[in-house]
Amino acid sequence: MKNRLTIAMQKSGRLSEETQNLLKRCGLKLNVTDRRLLAHVANMPVDIMRVRSSDIPGLVMDGVCDLGIVGDNTLEEAALERELLGGNASYAKTTTLNFGGCRLSIAMPEEFQYKGIESLHGLRFATTYPQLLNRFAAENNIKVDFCMLKGSVEVAPRVGLADGICDLVSTGATLEANGLKEVEVIFRSKASLIQSTNTINEEKQKILDTLLPRIQGVMKAKESKYIMLHAPKNKLNEVSRLMPGKETPTVLPLAGREDLVAVHVVATETFFWETMENLKALGCNSILVMPIEKMMG
Ligand code: PRT
């Protein structure tokens with residue numbers, strides 16, 4: 001594997017499909033349908049190591065893998081744990097990816113009288129993230145106890161294992177189904193691309209220099225939209241001001257129309273229905289918002 005770049009990704013779970021899609025959109029031909037831990041990319045000198053999420057930070061920090069895609073929650077917890085144990089916790093965060101969004105929150109039974117962070121002092125929490133919980137407690141001058149659970153954390157208060165929980169939340173439906181209410185968000189997370197701080201050889205660096213701009217290009221394209229519309233010539237300034245992002249619009253003549261022009265722009269920010277309605281109110285029509293597959297430059 002000396003001259004092949006190794007990327008660690010979650011084998012199966014919430015991040016695995018999005019990670020595979022990202023790599024495929026970067027042009028990597030990967031076949032991860034079998035049970036193999038190591039999958040070879042057919043068209044690039046890249047290997048994909050498919051492991052549990054919690055193993056990814058360590059594999060990158062120890063330089064076993066050159067890159068890893070993992071949730072910030074898992075990464076931060078692992079880094080804090082390594083720092084505590086005096087291990088190597090260094091890595092470089094290359095890009096925050098736009099998937100895997102969630103928050104690590106403290107949740108208490110519905111009937112709990114929450115009167116601010118101090119009302120959590122002395123309580124016991126079920127969690128998979130003791131380091132992040134401890135850091136939050138220390139930053140807020142409270143002391144808390146914890147019991148480590150790697151699954152079904154939400155049931156802990158009901159069975160008398162803990163007073164509350166500290167767990168990941170995305171929609172909040174699981175909390176609600178278990179009679180819990182979110183009282184404090186202690187960490188916000190997304191998936192990230194991380195890189196080992198170990199020196200790599202020239203061959204691997206070349207692969208990295210090709211791959212990283214592609215990953216950034218895919219991410220940028222995912223967030224961007226290509227907008228086309230017809231606008232009244234005398235309203236061009238107002239139309240330009242309504243366009244999201246900082247790109248300068250392209251203005252093109254329309255055959256046989258002196259009063260209208262075609263406006264094309266890449267919007268790097270969310271293009272809201274309200275903006276479309278405001279454009280229409282200015283006299284624009286044929287407003288099209290299209291996804292972009294790849295972007296570079
Ligand atoms: O199995 P493995 O060891 O690989 O790791 P894992 O157990 O962390 O896997 P997985 O697939 O559950 O989660 C992988 C990563 O997805 C997490 O580390 C987060 O970065 C991210 N993520 C995003 C989430 C959630 N959203 C999420 N909602 N991870 C877990 N949840 C769980 C949460 O623990 C709770 O049980 O979903 C439930 C709450 O969801 P809502 O929508 O009801 O609020």
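Just so we're clear, the structure is a prediction, and the values are computed from it rather than from any experiment. Read the numbers this way: they start at 1 and go in the same order the structure lists the ligands and their atoms.
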contact_flag Lys190 ligand 1 heavy-atom lt 4.0 Å: no
Nearest candidate to atom 26 (N) of ligand 1, where distance is taken over non-hydrogen atoms, out of Cys102, Ser54, Ser192: Cys102
Heavy-atom side-chain proximity of Leu149 to Ile165 below 4.5 angstrom: no
Region of Asp167 that comes within reach of ligand 1 [heavy atoms, distance under 4.0 Å]: side chain
Selection from Gly100, Ser152, Gly71 by shortest heavy-atom distance to atom 21 (C) of ligand 1: Gly100
Neighbour count >12 (heavy atoms, 6.0 Å) for atom CD, Glu17: no
Part of Thr171 within contact of ligand 1 (heavy atoms, under 4.0 Å): both
Contact partition for Arg52 relative to ligand 1, non-hydrogen atoms under 4.0 Å: both
From Met295 atom CE to Lys222 atom NZ, the distance as rounded to the nearest 0.5 Å: 14.5 Å
Expected output: side-chain Lys190 to main-chain Leu97 donor-acceptor under 3.5 Å: no
Option set Gly13, Ser53, Gly101, criterion heavy-atom distance to atom 8 (O) of ligand 1, minimum: Ser53
Heavy-atom neighbours of Gln205 CD exceed 12 at 6.0 Å: yes
Proximity to ligand 1 by part of Leu15, non-hydrogen separation under 4.0 Å: side chain
Greater than 12 external heavy atoms within 6.0 Å of Glu139's CD: yes
Side chain, backbone, both or neither: the part of Glu154 lying under 4.0 Å from ligand 1 by heavy atom: side chain
